[in-house]
There are 4 protein chains.
Amino acid sequence: MPKIVDHDQYRKELLTKCFDLFANKGYASVTMRQIAQEIGVSTGTLYHYFPSKQALFWQLYDEFNERDTASMNAVLNNIHTLQERITAIFDYIAQNEDYFFKQFLITSDFYQQQDRTEILANETLKRNYELNRDFVAKALETDDPAVVNFAMCLATGIMVVRLFEGNVVEYDEQAQLFHKMLTLYLQDVSLHESDELPVS
Amino acid sequence: MPKIVDHDQYRKELLTKCFDLFANKGYASVTMRQIAQEIGVSTGTLYHYFPSKQALFWQLYDEFNERDTASMNAVLNNIHTLQERITAIFDYIAQNEDYFFKQFLITSDFYQQQDRTEILANETLKRNYELNRDFVAKALETDDPAVVNFAMCLATGIMVVRLFEGNVVEYDEQAQLFHKMLTLYLQDVSLHESDELPVS
Amino acid sequence: MPKIVDHDQYRKELLTKCFDLFANKGYASVTMRQIAQEIGVSTGTLYHYFPSKQALFWQLYDEFNERDTASMNAVLNNIHTLQERITAIFDYIAQNEDYFFKQFLITSDFYQQQDRTEILANETLKRNYELNRDFVAKALETDDPAVVNFAMCLATGIMVVRLFEGNVVEYDEQAQLFHKMLTLYLQDVSLHESDELPVS
Amino acid sequence: MPKIVDHDQYRKELLTKCFDLFANKGYASVTMRQIAQEIGVSTGTLYHYFPSKQALFWQLYDEFNERDTASMNAVLNNIHTLQERITAIFDYIAQNEDYFFKQFLITSDFYQQQDRTEILANETLKRNYELNRDFVAKALETDDPAVVNFAMCLATGIMVVRLFEGNVVEYDEQAQLFHKMLTLYLQDVSLHESDELPVS
DNA sequence: TATGAATGAGAATTCATTCAT
DNA sequence: TATGAATGAATTCTCATTCAT
């Protein structure tokens with residue numbers, strides 16, 4: 001294989017390299033020349049791999065949404081108690097916070113590139129959300145969708161609040177509080193469940 | 001004497017009129033011409049009231065942060081049970097969801113205009129957060145900061161998830177769940193408090 | 001005469017006040033707002049007295065060209081020797097150098113506002129030059145136009161060189177040199193004149 | 001490989017092409033669009049070679065100051081009498097008068113782009129003046145700085161007066177007059193020198 | 001007279017994109 | 001493939017001028 005470079009592989013490498021740029025400055029404020037410079041190619045080359053700035057951005061968006069799921073699933077291996085699993089999730093977010101910030105900002109930007117209905121129809125986004133949901137469901141060992149959503153919203157909320165307000169909230173504190181509440185809630189539910197079950 | 005205009009008053013009216021535009025398209029994608037057209041003045045007039053696009057954007061940001069606080073406090077009048085108060089807050093968000101979406105997107109944009117340390121040092125932003133915090137604290141009748149943060153993150157999270165994913169979560173469902181958990185938690189705490197802190 | 005203000009008098013006062021501004025920044029770089037601010041009126045008032053920026057500039061130009069002649073003639077009163085008269089002229093320029101710099105820059109600017117033929121046809125400018133010429137002729141007590149021109153070019157040249165290069169030339173040094181040369185030259189001429197006169 | 005262009009060479013060609021434009025209309029009155037049109041490129045290309053209008057103007061100024069020096073030195077080759085050398089210089093100016101007018105107007109404009117102290121500190125300008133001085137010193141075969149300055153101011157003055165007043169002065173007439181005066185002066189000086197400085 | 005708000009054409013500059021090499 | 005020179009429409013912002021008060 002003398003001079004064969006995997007076009008697609010290289011394309012993904014280029015994407016990786018401009019992730020930060022978009023996250024830090026926003027779609028509209030980043031120029032193709034800046035991108036080219038940042039990743040060390042000419043604008044011509046950039047256009048050789050991506051037909052347009054929009055396309056580049058969307059590929060970036062898709063690419064990163066896809067990656068997360070894999071790494072996330074490794075987190076819960078060999079962890080058995082609920083408390084540990086909740087802690088593991090929140091720790092995972094805490095340790096990759098900077099990455100989540102960036103991904104979040106890129107998503108916000110992505111959002112403003114098209115109108116709302118298109119966004120909500122976006123397949124990658126939907127699938128990504130479902131994967132996250134399943135992951136959380138598995139972690140919490142519940143399939144009550146309300147509880148899963150609750151956890152996801154809480155985690156998202158903490159991240160967002162920290163992004164905009166700084167360290168006014170802490171992951172571990174909230175993780176413990178959530179564990180406590182959840183435990184009490186699940187106990188309470190199972191208590192009433194035994195009452196109600198015969199009826200349903 | 002010149003044409004009689006209350007300069008400051010008119011400035012605020014103009015701000016109001018371009019709120020949606022920024023929310024829908026984002027700072028960098030909106031042009032001053034578009035703004036001028038949208039609010040029905042010439043670009044010259046726009047610059048008569050705002051020295052630059054940045055300045056206009058920041059004034060917009062400040063102006064709306066100021067307004068929110070005022071309107072929010074009216075919500076909790078004459079509501080007495082915890083359940084009702086929680087419901088009131090979530091209802092309030094639900095009913096003004098569109099506004100919150102916009103304000104949130106504008107904040108995201110605002111974020112990308114400056115570097116992180118400047119953001120976190122921003123006084124308006126900080127004050128705004130504290131006001132919201134106090135509001136929630138009052139609503140929940142607790143001054144446990146962890147609980148207040150918990151509620152704020154949850155509410156923020158629901159809003160953000162709905163913004164990006166659509167109606168995958170519902171406010172009232174989450175409100176009820178939260179109320180349930182919180183009640184159980186507070187009971188539990190008061191139970192242990194009497195055990196552990198007989199002195200205080 | 002209760003509220004009668006001499007319109008024309010006021011107009012001239014306004015002109016005086018913006019002389020420096022034009023000299024320092026050049027016609028095109030000065031805005032009507034700047035002028036208005038500098039002289040302490042509103043733009044509306046400015047337009048009340050001058051129909052346009054061009055008109056203002058031309059009136060300014062005319063006004064100052066006119067003024068000079070008057071003041072200049074006072075200089076030579078009661079001075080009798082050639083040396084003293086030459087010294088007086090150069091001193092006069094030296095002491096008003098800043099003013100001449102400004103007037104010169106304004107003239108340069110004026111020049112670029114219209115094409116060359118219009119400039120050379122300008123009556124004010126022509127008359128002004130002739131007045132200067134007569135003044136110098138009277139000072140040198142010669143009516144040899146070549147000599148008069150020589151003196152005028154020299155004086156102009158010194159001023160211009162100093163404007164662009166700083167103090168690389170000094171007025172008094174050049175005045176003395178000029179006096180010396182002129183004296184020798186006039187002696188020489190009168191010597192040959194007596195030879196030639198009978199012929200002509 | 002991109003389109004092959006000697007960037008620097010091409011840049012200088014572009015400069016040459018916009019010399020007249022600046023000379024005729026002045027810095028502030030010429031627009032980048034006009035320049036681009038005049039020299040046959042797009043505005044984008046113009047900005048590809050010059051970062052800003054100011055930069056373009058300054059490079060223009062430097063470039064032409066550099067060129068002059070070179071061409072000027074060819075003038076005095078193989079000319080031996082003082083009279084001939086003086087005539088040569090004045091002829092040179094006369095024949096390139098149009099060019100000097102333009103260069104002079106550009107310098108005037110350059111002047112109004114920055115404040116006086118910066119101008120006087122400008123290295124190119126200073127060096128240029130010194131080169132001219134040396135050139136004149138060599139032509140007049142004197143190193144008396146007063147005489148050199150005298151000649152330079154006279155030449156500058158003639159040019160400026162002709163620029164603003166038209167053909168009221170003639171180069172050759174003034175050249176002859178100057179030659180006559182200078183000869184008489186130098187004779188006189190050498191006469192007294194032998195009296196006063198027998199030692200040296 | 002005097003004010004300054006309003007206008008909109010036009011300025012400098014940027015930038016996604018194309019294309020000759 | 002890869003380069004970067006070239007393009008020109010679009011952007012932010014300015015400013016002479018007008019006009020209601």
Nearest-angstrom distance from the residue atom [atom1] of [X] to [atom2] of [N]:
X       : N     : atom1 : atom2 : value
B:Tyr47 : E:dG8 : OH    : C1'   : 14 Å
B:Arg11 : E:dG4 : CZ    : C1'   : 18 Å
D:Leu14 : F:dA5 : CG    : C1'   : 12 Å
A:Ile39 : F:dG4 : CD1   : P     : 14 Å

Holding to side-chain contact (heavy atoms from CB on, under 4.5 Å), I want the full list of residues that pass it with [X], two or more places apart in sequence or in another chain.
X        : result
A:Glu123 : A:Lys126
D:Leu46  : D:Met32, D:Ile35, D:Ala36, D:Ile39, D:Val41, D:Phe50
C:Glu13  : C:Gln9, C:Tyr10

Which pairs would a plain distance check flag for residues 52-63 of chain C, meaning a side-chain donor or acceptor within less than 3.5 Å of a matching protein atom at least two apart in sequence or in another chain?
unit_1, atom_1, unit_2, atom_2, d
C:Ser52, OG, C:Ala55, N, 3.1
C:Lys53, NZ, C:Tyr27, O, 2.9
C:Lys53, NZ, C:Val30, O, 2.7
C:Gln59, OE1, C:Arg11, NE, 2.7
C:Gln59, OE1, C:Arg11, NH2, 3.4
C:Tyr61, OH, C:Asn65, ND2, 3.2
C:Asp62, OD1, C:Thr124, OG1, 3.3
C:Glu63, OE2, C:Arg67, NE, 3.0
C:Glu63, OE2, C:Arg67, NH2, 3.1

### Task
With sequence neighbours left out, write down each residue that passes ring pair (Phe, Tyr, Trp, His ring centres under 6.0 Å) with A:Phe104, or none if nothing qualifies.
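With sequence neighbours excluded, A:Phe104 shows a ring pair (Phe, Tyr, Trp, His ring centres under 6.0 Å) to B:Phe104, B:Phe164, given in chain and number order.
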### Query
With A:Phe19, which residues qualify under ring pair (Phe, Tyr, Trp, His ring centres under 6.0 Å), at least two apart?
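A:Phe64, A:Tyr99.
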### Query
Taking a pair as Watson-Crick (N1 to N3 plus N6-O4 or O6-N4) or G-U wobble (N1-O2 and O6-N3), both under 3.5 Å, which stems of 3 or more consecutive pairs involve DNA chain F?
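Listed by first number, the stems are E:2-21 with F:2-21.
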### Query
For the atom pair CG (B:Leu163) and CZ (B:Phe101), what is the distance rounded to the nearest 0.5 Å?
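The CG atom of B:Leu163 sits 5.0 Å away from the CZ atom of B:Phe101.
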### Contact list for DNA chain F against residues 15-37 of chain D - heavy-atom distance below 4.0 Å
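Those residues whose heavy atoms fall under 4.0 Å from DNA chain F, taken from residues 15-37 of chain D, amount to none.
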### Task
Kindly state each residue pair satisfying salt bridge (charged side-chain N to carboxylate O under 4.0 Å, His left out) with at least one member in residues 23-42 of chain C, sequence neighbours excluded.
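Not a single pair qualifies under salt bridge (charged side-chain N to carboxylate O under 4.0 Å, His left out).
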